[in-house]
Structure formats: C-alpha cells, structure tokens
Amino acid sequence: MPELSADPAFATNPKRIENRETLLPKIRELFRARTTDDWIASLEQAGVPCGPINTLDRVFADPKTRARDMAIDMPHPQAGAVGLVAAPAKLSETPIDYRRPPPIRGEHTDEVLRDVMKMSDEEIARLRAGGIIESRKS
C-alpha cells in the first residue's frame, strides 16, 4: 500500500495515531491478504525481526515444540486425560516427574483456608453453610 506513505494523514507517527480509526482497517485488510507463514517469510527475508502470535494448535504442532516434548497428557479423574504444557527445563539426571493432574475446582479449598488463612474447621463450615464457598463434591 505505497499510497499510504504519500498520504499526509499518515506521514508522521502523531498523524498515524490521530488517524488510527482510518488506518487500522487498511492495515488489517492488507495483513489478511496473506497467510501468517507468508508474512513471516517475507519479513525475515527483509531483515525485519518478527514472529507469529500462535494459536495453541500451531504452538503444539511446531517441530521445535514437538522435538522438546513440550506437550504431555495427564490422566484426570473427571476429564479422562488433559493436555498440559510440559516443564521447559529438561534435566537429564533429575527429569520432571508429573505426579498430579490439575486440581478439580474446590479440591484444595479447605486445605488453603486452614493452612494458609489459619481458619478453623468451624469458620470453614460457616463459609460453606453461607454459600461463600462451595459444598464439597463427592
């Protein structure tokens, strides 16, 4: 869109900010004309530092992510299995041991209230009876 560089409304950064409502739709239209991969290749070839903002599916399909085993599946008591991000540090002598799945909502409520907030069982029971915290699921 070389015509934008000749337009006085976009000649300086203050003008671009002032005319942002007009400029942004033009830029969006331009970027939508090509794929992310096309843009990255062109910008890298021109020496412009860049990188995509990936969706999760693209992150986990990336060869580097796959080579580093950055995705794991963890058994979960309610969901069957959940996909999780693995720890980025890969330690050969002390590898990470994934022991517990993400907690179920409210699973540690009593523990946190008792151990961190120093609440008594009676105080916790009052919160539960008043609907402040959820009743335990069985």
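Since the structure is predicted, the reported quantities are computational estimates derived from the model, not experimental observations.
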* Asked: Members other than Leu24 in its cluster, when Ile, Leu, Val, Met, Phe, Trp, Tyr link by side-chain heavy atoms under 4.5 Å?
  -> none
* **Residues in side chain to side chain donor-acceptor pair (under 3.5 Å) contact with Glu29, at least two apart in sequence or another chain** => none
* Arg114/Ser120 under side chain to side chain contact (heavy atoms under 4.5 Å, CB included): CA gap, chis, key distance, verdict -> CA-CA 6 Å; Arg114 190 177 305 108; Ser120 69; over 6 Å; no
* Other than Ile104, which residues form its hydrophobic cluster under the rule that side-chain heavy atoms must be closer than 4.5 Å? -> none
* **Flag side-chain contact, heavy atom, 4.5 Å: Leu127 against Met119** => yes
* **By side chain to side chain contact (heavy atoms under 4.5 Å, CB included) - contacts of Pro75 (at least two apart)** => none
* **Residues that Tyr98 engages under ring-ring contact (aromatic ring centres under 6.0 Å, His included), provided they are two or more places apart** => none
* **Salt bridge flag under 4.0 Å for residues Arg128 and Glu134** => no
* side chain to side chain contact (heavy atoms under 4.5 Å, CB included) partners for Ile40, two or more places apart -> Thr36, Glu44, Cys50, Pro52
* To do: For the pair Lys118 (side chain) and Leu113 (backbone), establish whether a donor and an acceptor sit closer than 3.5 Å, ignoring hydrogens and angles.
  => no
* **OG1 on Thr109 to CD1 on Ile124, rounded to 0.5 Å** => 9.0 Å
* Met70: hydrophobic cluster co-members (side-chain, 4.5 Å) -> Leu56, Val59, Phe60, Val85
* To do: Applying side chain to side chain donor-acceptor pair (under 3.5 Å), name anything that partners Asp97, two or more places apart in sequence or on another chain.
  => none
* Please assess Ile17 against Leu23 for the test side chain to side chain contact (heavy atoms under 4.5 Å, CB included), listing each intermediate value before the final yes or no. => CA-CA 9 Å; Ile17 291 168; Leu23 181 59; over 6 Å; no
* Summary of side chain to side chain donor-acceptor pair (under 3.5 Å) pairs that have at least one residue in residues 1-25, sequence neighbours excluded -> none
* Shortest non-hydrogen contact from Trp39 to Phe31? -> NE1-O, 3.0 Å
* To do: Please say whether more than 12 non-hydrogen atoms of neighbouring residues, nucleotides or ligands are located less than 6.0 Å from CE in Met1.
  => yes
* Worked verdict on Leu84 versus Asp73 for side chain to side chain contact (heavy atoms under 4.5 Å, CB included) -> CA-CA 6 Å; Leu84 301 173; Asp73 284 324; over 6 Å; no
* Structure fact -> When rounded to the nearest 0.5 Å, the distance separating CG of Asp115 from NE2 of His108 is 11.0 Å
* To do: Can you run down the side chain to side chain donor-acceptor pair (under 3.5 Å) pairs that involve residues 45-66, sequence neighbours left out, and say none if there aren't any?
  => Asp37-Arg58, Asn54-Arg58, Thr55-Asp57
* State the NE2-CZ distance between His76 and Arg100, to the nearest 0.5 angstrom. => 12.5 Å
* Under the side chain to side chain donor-acceptor pair (under 3.5 Å) test, residues paired with Glu107 that sit two or more places apart -> none
* Asked: Can you name the side chain to side chain donor-acceptor pair (under 3.5 Å) partners of Asp38, sequence neighbours left out?
  -> Thr35
* To do: Kindly work out whether a path of hydrophobic side-chain contacts (I/L/V/M/F/W/Y, heavy atoms less than 4.5 Å apart) joins Ile132 to Val116.
  => yes
